[in-house]
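Okay, structure first, notes after.
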Amino acid sequence: MQIKEIQEEIIDEFSMFDDWMQRYEYMIELGKSLPLIEDTYKTDDNIIKGCQSKVWVHAELKDDKLVFTADSDAIITKGIIAILIRAFSNQKPKDIIEADTDFIDKIGLKEHLSPTRANGLVSMIKQLKLYAVAYQTQIK
């Protein structure tokens, strides 16, 4: 599936909920299904700077596609990174770099987060794209 298709799927899923409490519950569920990062990668090098909570992200190149794993010590933050990983994991670095992130606005996520969590969200997106830039150089 292409990034855009996954993003549309996420938008559709969030539109099924009437209010933000239901969306938060859904994000928590998504966080529970997150492909967990191995403990060996829970290092300071893998912590996303700019997040209020601790968020670890690890990226690996497999068959010219980036595979992300992550974890967080906060349940909502775990849900946020789960959404981003769902959209960007198993994609080519070039596609991640060029991907639009307006689906975040379409589901209304940024406006329903505290300012510090919204900053963390921006930091998470930035970090995933930085990984993509770094790995893009390794592809022939």
Side-chain angles (χ1 to χ4, degrees):
M1 232 190 206
Q2 298 299 310
I3 292 173
K4 198 76 187 148
E5 294 168 313
I6 297 167
Q7 291 175 345
E8 289 300 325
E9 201 176 77
I10 293 168
I11 292 166
D12 288 347
E13 288 166 13
F14 271 79
S15 70
M16 288 189 286
F17 302 107
D18 297 328
D19 63 48
W20 262 95
M21 282 318 295
Q22 291 175 319
R23 289 179 183 160
Y24 279 130
E25 285 170 22
Y26 183 61
M27 278 176 32
I28 290 167
E29 286 307 307
L30 289 174
K32 290 177 183 172
S33 67
L34 183 67
L36 275 193
I37 192 170
E38 289 180 35
D39 284 341
T40 53
Y41 297 123
K42 279 189 172 183
T43 62
D44 287 347
D45 290 343
N46 290 332
I47 284 184
I48 295 181
K49 313 288 183 269
C51 285
Q52 184 180 5
S53 314
K54 284 189 175 167
V55 181
W56 298 270
V57 174
H58 173 70
E60 223 173 300
L61 199 59
K62 290 182 182 170
D63 301 322
D64 288 344
K65 290 184 178 180
L66 261 186
V67 178
F68 293 105
T69 53
D71 197 7
S72 175
D73 61 356
I75 195 74
I76 293 287
T77 311
K78 204 171 183 169
I80 295 168
I81 194 67
I83 291 168
L84 295 175
I85 283 182
R86 182 168 154 201
F88 297 123
S89 197
N90 292 303
Q91 300 293 332
K92 292 182 173 151
K94 183 179 185 291
D95 295 338
I96 296 169
I97 295 164
E98 295 171 356
D100 212 323
T101 55
D102 61 352
F103 80 105
I104 297 292
D105 296 327
K106 288 182 181 167
I107 61 175
L109 186 55
K110 222 184 262 180
E111 67 196 60
H112 286 90
L113 294 175
S114 66
T116 50
R117 281 235 166 87
N119 289 341
L121 168 65
V122 171
S123 297
M124 288 180 215
I125 293 168
K126 216 182 279 180
Q127 188 60 50
L128 295 181
K129 288 194 175 248
L130 280 172
Y131 274 125
V133 169
Y135 281 100
Q136 179 62 36
T137 61
Q138 296 180 19
I139 298 174
K140 308 273 181 271

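Computed over heavy atoms, backbone and side chain alike; hydrogens, waters and symmetry mates excluded.
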Note to self: Using modelled atom types and a 3.5 Å cut-off, is there a donor and acceptor pairing between side-chain atoms of Lys94 and backbone atoms of Gln136?
What the structure shows: no
Check: Same cluster for Ile75 and Leu84 if Ile/Leu/Val/Met/Phe/Trp/Tyr side chains link at under 4.5 Å?
Finding: yes
Notebook entry, point to check: Any sub-3.5 Å donor-acceptor pair from Asp63's side-chain atoms to Lys65's backbone N or O?
Noted result: no
Notebook entry, point to check: Looking only at atom types and distance, does a side-chain atom of Ser53 sit under 3.5 Å from a main-chain N or O of Ala74, one as donor and one as acceptor?
Noted result: no
Note to self: Centre-to-centre under 6.0 Å for Phe17 and Tyr26, is that the case here?
What the structure shows: yes
Next item on the list: Might you confirm whether atom CG of Asp44 has over 12 heavy atoms from other residues, nucleotides or ligands at distances under 6.0 Å?
Entry: no
Note to self: If the threshold is 4.0 Å, N to carboxylate O, is there a salt bridge linking Lys4 and Asp102?
What the structure shows: yes
Margin query: Between Phe103 and Ile83, is there a side-chain heavy-atom distance shorter than 4.5 Å?
Written below: yes
Check: To the nearest 0.5 Å, how far apart are CZ in Arg117 and OG in Ser123?
Finding: 13.5 Å
Margin query: Could you check whether atom NZ of Lys49 has more than 12 heavy atoms from other residues, nucleotides or ligands sitting under 6.0 Å from it?
Written below: yes
Margin query: When you compare the side chain of Phe14 with that of Lys106, does any pair of heavy atoms fall below 4.5 Å?
Written below: no
Next item on the list: Could you tell me whether Glu38 atom CD has more than 12 heavy atoms of other residues or ligands within 6.0 Å of it?
Entry: no
Notebook entry, point to check: Of all heavy-atom pairs between Met21 and Asp19, which one has the smallest distance, and what is that distance?
Noted result: N-OD1, 2.9 Å
Check: Are any non-hydrogen side-chain atoms of Val55 and Val57 less than 4.5 angstrom apart?
Finding: yes
Item checked: Side chain Lys110, main chain Asn119, donor-acceptor under 3.5 Å -> no
Notebook entry, point to check: When you check the gap from the basic side-chain N to the acidic O, do Asp64 and Lys92 get nearer than 4.0 Å?
Noted result: no
Check: Would you find a donor on one side and an acceptor on the other, under 3.5 Å apart, between the side chain of Gln91 and the backbone of Met1?
Finding: yes
Check: Between atom CD1 of Ile28 and atom CD1 of Ile76, what is the distance when rounded to the nearest 0.5 Å?
Finding: 4.0 Å
Check: Does Tyr24 belong to the same Ile/Leu/Val/Met/Phe/Trp/Tyr cluster as Met16, with side-chain heavy atoms less than 4.5 Å apart forming each link?
Finding: no
Check: Counting N and O atoms only, with roles assigned by atom type, does the side chain of Asn90 sit under 3.5 Å from a partner on the main chain of Val67, one being a donor and the other an acceptor?
Finding: no
Margin query: Once rounded to the nearest 0.5 Å, what's the spacing between atom CH2 of Trp20 and atom CD of Glu25?
Written below: 12.5 Å
Notebook entry, point to check: Below 4.5 Å, heavy atoms only, C-beta onward: do Thr77 and Met124 meet side chain to side chain?
Noted result: yes
Notebook entry, point to check: Taking the side chain as C-beta and beyond, is there a heavy-atom pair between Leu66 and Glu60 under 4.5 Å?
Noted result: no
Notebook entry, point to check: Linking I/L/V/M/F/W/Y whenever their side-chain heavy atoms sit closer than 4.5 Å, directly or via other members, would Trp56 and Leu121 fall into one cluster?
Noted result: no
Next item on the list: Would you indicate whether the side-chain heavy atoms of Arg23 and Leu109 approach each other to under 4.5 Å?
Entry: no
Next item on the list: Please check if the side chain of Tyr135 supplies one atom and the backbone of Ala59 the other of a donor-acceptor pair under 3.5 Å.
Entry: yes
Item checked: N-O pairing of Glu13 and Arg86 below 4.0 Å -> yes
Notebook entry, point to check: Under 3.5 Å, is there a donor-acceptor pair between the side chain of Asp71 and the main chain of Ile37?
Noted result: no
Check: Between Lys129 and Ile97, is a side-chain contact (heavy atoms from CB on, under 4.5 Å) present by the stated rule, with each step listed?
Finding: CA-CA 5 Å; Lys129 288 194 175 248; Ile97 295 164; 5.6 Å; no
Checklist line | Shared hydrophobic cluster, Tyr41 / Ile85 (ILVMFWY, side-chain heavy atoms < 4.5 Å) | finding: no
Next item on the list: Let me see the working for Ile6 and Ile3 under side-chain contact (heavy atoms from CB on, under 4.5 Å), right down to the final yes or no.
Entry: CA-CA 5 Å; Ile6 297 167; Ile3 292 173; 5.6 Å; no
Next item on the list: Taking the side chain as every heavy atom from C-beta outward, state whether Lys126 and Val122 have any pair of such atoms under 4.5 Å apart.
Entry: yes
Notebook entry, point to check: Just wondering, do Leu30 and Leu34 contact through their side chains at under 4.5 Å, heavy atoms?
Noted result: no
Next item on the list: First locate atom CD1 of Ile125, then atom CD1 of Ile96, and finally report the distance between them rounded to the nearest 0.5 Å.
Entry: 12.5 Å
